[in-house]
Amino acid sequence: MIAKLRLLRATFSGLMLAVFVVSSTAPNARSLFPKPERTQVITESAPAAVAVDPPAAGQSALNSAFAHDEALADGRRRLTVSAAPLQYQAEDGSWQPIDARFRAAEGGFSNFTNALRISTAERSPTLNLRNGDTLVQWQTQELALSGEGNRASLANVIDDAAAGPGVLAGEDQVVRYSASWSRPGIIEEIIAAPGAAEQRLIIEKRFALAGNVVGAATLDLLAALRLSPSASLFANGAIQAGAFTTQGRVEIRDATGRTALVLTPVIAYEQGNPAAQVIGQYTFVPHGEGEWQVAVQTPWSWWADPQRAYPVVLDPTMKMLSPITTAQLCSYHTSAPCPLTGSVDPTNNTELIYIGRSYLQGTVSALIRFDNLPTLPPGYTVETADLLIAPKNYLVGSPVTKQIRVWQVTSAWDPATVYYLNNDPTIAFPAIEQKYLLQGIKPAIPVSAESFVTRFHLQTEPGGLVSGWLSGAIPNHGLLLDEPVSGNCTACTDFVHIYTAPLWTKNDTRNLDPGKPFPLSASEGSGIMLQITYAPPTLALGQTIFSSLPTFGENYADTYHAYLPPSSASTWTAVAVKG
């Protein structure tokens, strides 16, 4: 069917604007994107000098951005896996606590004391990211009103010569550009978080258009995405080589097929009321090797709603893929406090996991799965394993307690489809442990935080659940958390709120230890952590260990391990054989 398009004329800030009446037929996506004239090469500015501690003696190869391995006093070791990045690898190879603050650098701002290396230009919001060997550049260009392959420009990013410089804000974790767009009242921010970079466009006032826009028009934020030559895009369940559209997340994969970065689903929300939000979509169009034109699209009808309260935020985020998957199970209740999909982003500061029952909002449980657990060295013994849960301490007044129950999940689940199971009990069995969880006012300093972290003992001796996950003897489908409440429960009025992002901010720890803004103790990490205590292998006299050597493209953290020699040995011979 041929689309019927009627053009009306309207005035916007002295410009003529086409207003659309749109009928069906898929748009010609390529017509949305002119070839950009303003481009920059993907580069990294030299980082500002940052003092780091020397590498720790015998530092474990199990360390990663999301996992911290440490020696205990009795010869055992403790491995902590977090929902949010805990540390970054410095230039000297040592693992250091994350500091998510930007520093002024030549030509802009940089944050290289992070699991994800981030830099941006001085006068234009040009975001450069690096994870390993994968380089990514995101450069916003234009705001447009689009429909059926036609577009009318609303605002453009102006040339650097006319733009004002970005300034540090938000305790140096934000670079704010308030004079980089042709239309006043558009503010762009680049925000650094552990393992993530958020590009936030703040539109302070509604667009004053003369006339109405009718049909399936969208507000498009147009941007250029440039990737390392070996990188690829994965979306809609497949590697994408041509133009595509998706409402889901987009993965940027490296040459080995591993996910280096995730572009989270599109969302726009009222700055003063984030619950007033709308889901959008991405449209990607290739523009040469390693370059894509991207439209971040949200319904125009949502922006034009007379009830819409401005400022409004458009919020694409790029982040490292967390080793933890979380989702919600909700009863069929119209007021259930769950996301529009079951999935809950464990590294998003705005997301919370809800657990409990309310006679006004139904019953809600949480699913947690620890994906991609580190490979422990051959001969290890897992002795104990704990799930650490830190609630959001939002109450004003005396602390209160709620019961939380942890179950072993015995069925596979997908966060995109698990949302409504009506809390089917057959998904999880058996119950592992039930404890009271304390929630109240957030303590002033981290040393008292342990009382707000509840430890659920998943394994108390060798050969338990987590040992089975690591060896493959027990399928790792994760855990279910619920509140053990039965009956009508007319007194149930609220839910437990669980942090899914770092529990402590820089403010909480600055006065305690200025050199380490994000400490690594269990009570100061994310609100969801898995802590494994294990005995490393000890070689006996005359014992031979056979282990495969790493090959090109392998993860050395999975193939290199340390071994403890017996105390009676005086001499040792190490032999490596390949072939």
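Computed from a predicted structure; not experimentally measured. Hydrogens, waters and symmetry mates are skipped; everything else that's a heavy atom, side chains included, is used.
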For [X] and [Y], test the side chains for any donor-to-acceptor distance below 3.5 angstrom and give the result as yes or no.
X: T134; Y: D254; result: no
X: S365; Y: Y354; result: no
X: S230; Y: S228; result: no
X: D386; Y: Q531; result: no
X: Q297; Y: S146; result: no
X: N156; Y: W181; result: no

[Y] backbone acceptor or donor facing [X] side chain under 3.5 Å:
X: S471; Y: S467; result: yes
X: Q139; Y: P125; result: no
X: Q240; Y: A235; result: yes
X: D172; Y: F102; result: no
X: S322; Y: A83; result: yes
X: T218; Y: D220; result: no
X: R123; Y: A163; result: yes
X: N131; Y: R117; result: no
X: N114; Y: G195; result: yes

Handout entry: Single hit among D414, N372, D371 for side chain to side chain donor-acceptor pair (under 3.5 Å) with T325
Key = D371
At what distance, to the nearest 0.5 angstrom, does [atom1] of [X] lie from [atom2] of [Y]?
X: R130; Y: F112; atom1: CZ; atom2: CZ; answer: 9.0 Å
X: S82; Y: M529; atom1: OG; atom2: CE; answer: 4.5 Å
X: T326; Y: I353; atom1: OG1; atom2: CD1; answer: 4.5 Å
X: L329; Y: L480; atom1: CG; atom2: CG; answer: 5.5 Å
X: L481; Y: I355; atom1: CG; atom2: CD1; answer: 4.5 Å

Do you know the tightest heavy-atom contact between [X] and [Y]?
X: Q87; Y: A67; value: NE2-O, 2.8 Å
X: I279; Y: P299; value: O-CD, 4.0 Å
X: S124; Y: Y177; value: O-OH, 3.5 Å

Is there a side-chain contact between [X] and [Y] in this structure, where contact means two heavy atoms from C-beta onward sitting under 4.5 Å apart?
X: T113; Y: Q96; value: no
X: N111; Y: I98; value: no
X: L143; Y: L219; value: yes
X: L201; Y: V313; value: no
X: L233; Y: F284; value: yes
X: Y282; Y: T245; value: no
X: Q277; Y: E270; value: no
X: F109; Y: I190; value: no

Exercise for the section: State plainly whether the residues E188 and R176 are in salt-bridge range, i.e. N to O under 4.0 Å. Expected result: no
Practice task
Step through the shown structure and confirm whether more than 12 heavy atoms of other residues, nucleotides or ligands are within 6.0 Å of CG on N236.
Solution key: yes
Practice task
Test the R369-W413 pair against the cation-pi criterion, namely NZ or CZ under 6.0 angstrom from the six-membered ring centroid and within 45° of the ring axis.
Solution key: yes
Practice task
Please work out which of the three classes, parallel, tilted or perpendicular, describes the rings of W292 and F244, given edges at 30° and 60°.
Solution key: perpendicular
